[in-house]
2 protein chains.
Amino acid sequence: MSEKPLNTPNLQDIATAAGVSTATVSRVLNSPADVRPAMRERVEAQIRALGYVRHGAARALASSRSFTIGAVIPTLESAIFASGVDAVENYLAETGYTLLLAVTNYDLQHEYEQVQALIERGVDGMILVGRDHDAGTLNMLERQRCPFITTWTYTEEAAHPCVGFDNADAARRITAHLLELGHKRIGVIAGVTEGNDRARERIIGVRTALRSRRLKLQEDCLIEKPYDVGAGRDGLRYLMSLPKSKRPTAIFCGNDVLAIGALLEAQHMGIHVPDDVSIVGFDDLPLAEHLSPGLTTVHVPSRRMGISAAQYLLASIAGESPATHNELPTDIMVRGTTAPPRR
Amino acid sequence: MSEKPLNTPNLQDIATAAGVSTATVSRVLNSPADVRPAMRERVEAQIRALGYVRHGAARALASSRSFTIGAVIPTLESAIFASGVDAVENYLAETGYTLLLAVTNYDLQHEYEQVQALIERGVDGMILVGRDHDAGTLNMLERQRCPFITTWTYTEEAAHPCVGFDNADAARRITAHLLELGHKRIGVIAGVTEGNDRARERIIGVRTALRSRRLKLQEDCLIEKPYDVGAGRDGLRYLMSLPKSKRPTAIFCGNDVLAIGALLEAQHMGIHVPDDVSIVGFDDLPLAEHLSPGLTTVHVPSRRMGISAAQYLLASIAGESPATHNELPTDIMVRGTTAPPRR
DNA sequence: TTGTATGCGTTATCAT
DNA sequence: ATGATAACGCATACAA
């Protein structure tokens with residue numbers, strides 16, 4: 001009959017109700033070990049009774065820690081990014097952090113704005129994707145002393161903390177697999193390269209593999225497509241429409257979504273994979289192994305990458321000095337979509 | 001030579017640099033129309049010069065608005081949720097809001113904790129999925145006066161704001177499609193039902209459709225499976241292993257991921273779809289239409305749902321009184337995986 | 001171990 | 001149109 005929680009209670013209300021100071025309440029919340037058990041319980045009882053929930057803004061203002069981490073990714077429409085974010089969120093939740101998520105739609109200018117928005121929200125650290133960024137973006141991060149790490153790309157000499165892998169080399173390796181099977185004319189259905197270093201580097205990897213065999217990528221065998229299944233289908237149809245002498249016997253797709261499209265379109269057209277044409281992808285989506293034939297692709301450890309990035313950030317915030325350059329392995333998953341060229 | 005931005009500048013620094021009061025700086029930031037153009041420019045120049053970025057925590061503390069919205073979803077491993085979140089984020093970004101994202105892994109207790117975490121971060125509104133929630137969760141939301149809306153489910157009599165559709169009815173309709181083709185024995189590969197009202201209601205919908213034809217769902221024709229392609233394959237194998245007299249001629253899958261698994265497994269087994277067995281899914285993933293045969297499924301407008309939820313919240317925050325119960329249409333996409341039973 | 005008091009960077013109210 | 005100033009709710013250095 002006497003409780004009137006008209007407004008949501010604050011530290012002071014709890015303190016009053018428990019007959020202690022706000023400092024004590026703050027302590028049972030943040031360093032319970034520092035307060036005598038009896039008193040702690042008394043306070044905790046009131047916290048429960050009044051349904052107290054911390055005021056993050058006030059906390060952040062007073063302590064300059066928000067217990068939030070920001071992630072800025074190209075899109076959530078890509079299962080592989082979504083999966084990485086899922087891993088990040090799960091990991092952060094375990095450690096008491098919350099995720100602020102922003103999407104760039106592969107627009108570097110928009111990325112800049114999103115990064116600013118997250119900094120304004122006071123994130124304690126930030127995860128970025130790739131190394132293509134507006135100069136101002138990295139600048140802001142540094143001026144604001146916001147710890148950050150880039151993902152999905154790795155090079156020894158990277159100027160900033162990163163966790164990822166060598167896209168060019170992975171593409172080179174899976175192309176080498178094609179070349180070893182005896183293919184000489186390789187087609188490429190690349191992802192959009194603008195503002196996307198990963199897509200560009202994967203093409204470079206294909207070229208490197210070809211060059212090492214004194215082969216070249218024919219320019220009409222390279223086509224750039226947006227990230228969707230239909231585009232993959234279009235890409236395949238285009239490549240297969242090339243005159244026989246220029247028609248590739250194997251196709252490297254910049255990602256699995258394009259590869260799945262290419263594979264499905266081949267089946268629609270009655271073109272046999274891998275007998276008539278070999279297809280490889282990149283990412284190793286969960287679906288890849290279930291297709292028939294199974295898609296030969298590059299496995300990318302997106303969850304591990306996300307977790308590793310989060311770990312770096314938390315360690316960094318904690319004042320530790322974790323390794324800044326972290327390379328993850330990528331395996332070539334050889335499945336059913338590759339075989340020697342028909343002769 | 002004189003500028004030493006050792007610490008990140010605050011309102012006061014800008015004010016001093018521009019020779020005005022903090023109130024004025026705050027005004028050029030928040031209601032530029034209230035300040036004379038000349039002065040406004042002077043201030044804006046300093047804002048740019050010193051690279052000022054707003055301190056969200058301080059803003060939130062003083063104004064009790066954080067310009068953030070929370071979303072708590074089951075998982076990002078599901079493309080359909082990821083897509084909805086993507087839409088929400090894009091919409092919020094347009095309107096100056098930022099997204100706080102949390103994942104429950106279909107655990108209602110964890111959802112409670114995530115909701116609390118987001119409330120602590122001061123979100124101005126919250127998006128939830130489904131109507132299965134811990135009692136405490138909704139309670140907390142209300143006590144904290146945090147506007148919220150549930151998605152993915154709709155009923156006229158819902159006790160809280162919601163935007164979605166009638167899962168049972170959609171399932172009933174696509175099952176009716178099967179029955180109209182002449183199927184009598186329907187198999188069901190359902191998603192996990194625990195803590196997932198949508199999965200449960202879809203099964204109810206199947207039962208309703210059957211009942212209206214005086215048919216019943218045979219209990220060994222109903223199997224519950226986790227959300228992945230492999231599980232869909234297992235499910236199909238199980239149903240096809242039933243003795244001929246009990247074997248279903250058509251299969252309702254609780255979602256497209258299971259349906260895709262079922263379809264692929266049928267193809268692996270040399271079972272022809274739809275001649276030997278019809279398969280329907282639920283969600284209409286982008287891939288569904290590209291499969292061969294194309295997957296007959298229920299189209300769910302996940303992006304529109306997310307945007308609608310965000311709109312409701314923003315309107316609600318703005319003090320408007322938007323419609324609280326919003327039903328979205330779901331179309332049955334009849335494609336190639338359904339046909340009359342072989343006779 | 002507990003309490004007191006100050007300050008965190010804004011917004012908003014009230015003057016001017 | 002602009003300035004002075006009091007909250008906002010908490011953490012923390014310091015005192016007891």
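Numbered from 1 within each chain, the chains take letters A, B, ... in sequence-line order.
Between the side chains of Q114(A) and E89(B), a donor-acceptor pair is found at a separation under 3.5 Å. In summary, the side chains of D132(A) and N196(A) do not present any donor paired with an acceptor at a separation below 3.5 Å, with no hydrogens or angles considered. N30(B) and R59(B) are linked by a side-chain donor-acceptor pair at a separation below 3.5 angstrom, with hydrogens and angles left out of the test. Looking only at atom types and distance, the side chain of Y106(A) has no donor-acceptor partner in the side chain of T75(A) under 3.5 Å away. R54(B) and N10(B) share no donor-acceptor pair across their side chains, judged by distance under 3.5 Å alone. No hydrogens or angles considered: nothing links the side chains of E156(A) and H325(A) as a donor-acceptor pair under 3.5 Å.
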Let me have a per-nucleotide readout for nucleotides 8-15 of chain C, 5' to 3', with B, S or -, counting only protein heavy atoms under 4.0 Å.
BBBBB---
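For the helix from dT1(C)-dA16(D) to dT16(C)-dA1(D), the axis fitted to the five pairs at one end and the axis fitted to the five pairs at the other end meet at an angle of 30° (nearest 10 degrees).
Among pairs with a residue in residues 45-75 of chain A, those fulfilling ring-ring contact (aromatic ring centres under 6.0 Å, His included) read F67(A)-Y97(A), at least two apart in sequence or across chains.
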Please assess D124(A) against R65(A) for the test salt bridge (Lys or Arg N to Asp or Glu O under 4.0 Å), listing each intermediate value before the final yes or no.
CA-CA 6 Å; D124(A) 295 333; R65(A) 317 247 284 98; 3.5 Å; yes
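Between R42(A) atom CZ and dT1(C) atom C1' the separation is 13 Å, expressed in whole Å.
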